[in-house]
Number of protein chains: 2
Amino acid sequence: MLELFNYINAISPIKEKTFVELQNLFKPIKLKKNEFFVDDGSYANEIGFLQKGIVRAFFLNEEGKEYSKQFFVGPSLIGAYTSLLTRQPAKIAQQALTDCELLVADYRALEKLYDTHHDLERLGRKIAEYYFLEKEQKEIEMALLDADKRYLIMRKKFPAIESQIPQYYIASYLGISPTQLSRIRRKLLES
Amino acid sequence: MLELFNYINAISPIKEKTFVELQNLFKPIKLKKNEFFVDDGSYANEIGFLQKGIVRAFFLNEEGKEYSKQFFVGPSLIGAYTSLLTRQPAKIAQQALTDCELLVADYRALEKLYDTHHDLERLGRKIAEYYFLEKEQKEIEMALLDADKRYLIMRKKFPAIESQIPQYYIASYLGISPTQLSRIRRKLLES
DNA sequence: TAAGTTTCTTTACATATGTAAATGAATGAC
DNA sequence: GTCATTCATTTACATATGTAAAGAAACTTA
């Protein structure tokens, strides 16, 4: 739990008393490689703190095309944030790409604590703001950079990931086909 | 100010007393067409409530390529959100595309009210969450839909905008060239 | 109204990237 | 260790989209 405390505290400091109540909500679980933390179409109820492992969030459209929106490398918060906020079925699934260890909590219980703990509400605000900043960053990258530049950024951001997961997930994260990623990789090796 | 109150209250209800303090922070200003509300490279200090008019947020990269991230059609909150949150110079400028009327407030003063008004902090959280949801929605559209589908969505989302601003802003919003937008428009007319 | 400016469309060509299929390499199961 | 499966690369071809330049249309404004 110490890891969770440190992680949270770095985002927005909370009182020890608040954290005690918070940690009561979390239970440890494990996910095997390829298992899902969030299923497409399900109503999300849980938020997770990924301690070890890699998780991807991905969107599947009607044509069966996948877009790997995001990678999470522990330590990190995970969960179908949009589904939790909107109470609509999740459109974005989350899948373990390696064996994972995490702590999970009921989001509604956590949300209730907001009423009585201003510091926790502030944490919630900071997290939402942080998520927004992350998204905006990626939006700009996608709009203004070529795939080869995005690939280099991705490698810097997730240095450990490349050797641990299949290339086609990375291609999908970059918004390109595996073929194109292969071409980019070759070009980088040549130069 | 009533419009602001209604707008805010629909996101997250706040006490009347809180709103009284809040509204003291806001002053009315006007922007002429093409004037900037936020300049690229400046430190943002103000948040604005756009009452009338259209504003675009756009990013300019080193190669001089523009990406019109977003349109705001009043009533709407505007401001260099990222710069306000990070206290870094704004990378995203905001420019009036029509004559505009707005209310502006000092963001730091508003932020201070968070400490003493839990309901305002909650509003801040809801707004951040809402921004996140919006971004995620656009991310998915950009990743999985063709430009012609995105164009149709854009027209539905901003029905009034198309006749009021140049096409090349819309092209930039869609992430395509004006040439390509023109081709898409022709194809839609033909079918 | 006329001239000048801005914007939109069109054309021709170049390029990035996609799809499908074949091959080769790596990985995992037994 | 062998076989089967999964994954990565390559090739050939198709397509979407970009760039540049020219012409047409739509607006400003004097």
Side-chain angles (χ1 to χ4, degrees), chain A residues 32-35 54 56 58-68 71 95-99 141-155 158 161-191, chain B residues 32-35 54 56 58-68 71 95-99 141-155 158 161-191:
Chain A
K32 288 239 169 284
K33 182 175 169 180
N34 293 329
E35 268 189 284
I54 302 172
R56 73 167 181 135
F58 71 99
F59 186 95
L60 184 70
N61 77 357
E62 324 79 48
E63 295 148 25
K65 221 161 122 184
E66 266 185 19
Y67 168 54
S68 290
F71 296 122
Q95 179 187 26
L97 297 183
T98 64
D99 292 351
E141 284 170 16
M142 295 294 280
L144 288 173
L145 300 181
D146 289 338
D148 46 358
K149 296 210 190 78
R150 299 206 301 273
Y151 174 57
L152 291 174
I153 289 172
M154 180 269 155
R155 286 218 297 203
F158 303 108
I161 235 179
E162 219 181 350
S163 55
Q164 293 186 66
I165 67 171
Q167 295 291 328
Y168 51 76
Y169 289 139
I170 294 173
S172 159
Y173 173 83
L174 296 172
I176 58 178
S177 64
T179 308
Q180 186 61 12
L181 178 54
S182 184
R183 284 194 275 243
I184 288 169
R185 283 157 61 87
R186 182 178 46 183
K187 219 169 63 185
L188 286 174
L189 284 176
E190 281 167 4
S191 61
Chain B
K32 287 240 169 283
K33 182 175 169 179
N34 293 330
E35 268 189 284
I54 301 173
R56 73 165 179 136
F58 70 101
F59 187 95
L60 185 70
N61 75 357
E62 322 80 49
E63 295 148 26
K65 221 162 124 183
E66 266 185 19
Y67 168 54
S68 290
F71 296 121
Q95 180 188 24
L97 297 183
T98 65
D99 292 350
E141 284 170 16
M142 294 295 279
L144 289 172
L145 300 180
D146 289 339
D148 48 357
K149 295 211 190 79
R150 299 205 301 272
Y151 174 58
L152 292 174
I153 290 172
M154 181 268 154
R155 286 217 299 202
F158 303 109
I161 235 180
E162 218 181 349
S163 55
Q164 294 185 66
I165 66 172
Q167 295 291 327
Y168 50 77
Y169 290 140
I170 294 172
S172 159
Y173 173 81
L174 296 173
I176 57 178
S177 63
T179 308
Q180 186 60 13
L181 177 55
S182 184
R183 285 194 275 242
I184 288 169
R185 284 157 60 87
R186 183 179 43 182
K187 218 168 63 184
L188 286 173
L189 284 176
E190 280 168 5
S191 61

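The figures that follow rest on heavy atoms only: side chains count, while hydrogens, waters and symmetry mates do not. Per chain, numbering begins at 1; letters A, B, ... match sequence-line order.
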Rounded to the nearest angstrom, tell me the gap between atom [atom1] in [X] and atom [atom2] in [N].
| X | N | atom1 | atom2 | result |
| --- | --- | --- | --- | --- |
| Ile176(A) | dT9(D) | CD1 | P | 11 Å |
| Arg185(B) | dA25(D) | CZ | C1' | 13 Å |
| Leu97(A) | dC7(D) | CG | C1' | 15 Å |
| Tyr168(B) | dA26(D) | OH | P | 17 Å |
| Gln167(B) | dA24(D) | CD | C1' | 15 Å |
| Ile165(B) | dA26(D) | CD1 | P | 19 Å |

Let me confirm one number: the [atom1]-[atom2] distance from [X] to [Y], rounded to the nearest 0.5 Å.
| X | Y | atom1 | atom2 | result |
| --- | --- | --- | --- | --- |
| Phe71(B) | Ile54(B) | CZ | CD1 | 8.5 Å |
| Tyr67(A) | Leu174(A) | OH | CG | 9.0 Å |
| Ile153(B) | Leu145(B) | CD1 | CG | 5.0 Å |
| Tyr151(B) | Arg185(B) | OH | CZ | 4.0 Å |

Is there a side-chain contact (heavy atoms from CB on, under 4.5 Å) between Tyr173(B) and Phe158(B) once you walk through the steps?
CA-CA 12 Å; Tyr173(B) 173 81; Phe158(B) 303 109; 3.9 Å; yes
Which residue, Asp146(A) or Tyr169(B), contacts DNA chain C at a nucleotide closer to its 5' end, judged by nearest heavy atom?
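Here Tyr169(B) is the residue nearer the 5' end.
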Any donor-acceptor pair under 3.5 Å from Glu35(B) side chain to Lys32(B) backbone
yes
Any base atoms under 4.0 Å from Arg183(A), or only sugar-phosphate, or nothing? Heavy atoms, all strands.
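Base, at least one base atom sits under 4.0 Å.
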Quick check on DNA chain D: between Lys33(B) and Asp148(B), whose nearest nucleotide comes earlier from the 5' end?
Asp148(B)
Are Arg186(A) and dT9(D) close enough that a side-chain N or O sits under 4.0 Å from OP1 or OP2?
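Checking Arg186(A) against dT9(D): no side-chain N or O falls below 4.0 Å of OP1 or OP2.
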First contact, last contact: which nucleotides of DNA chain C are these for chain B, 5' to 3', heavy-atom distance under 4.0 Å?
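Nucleotide range with atoms under 4.0 Å of chain B: dT7(C) to dA12(C).
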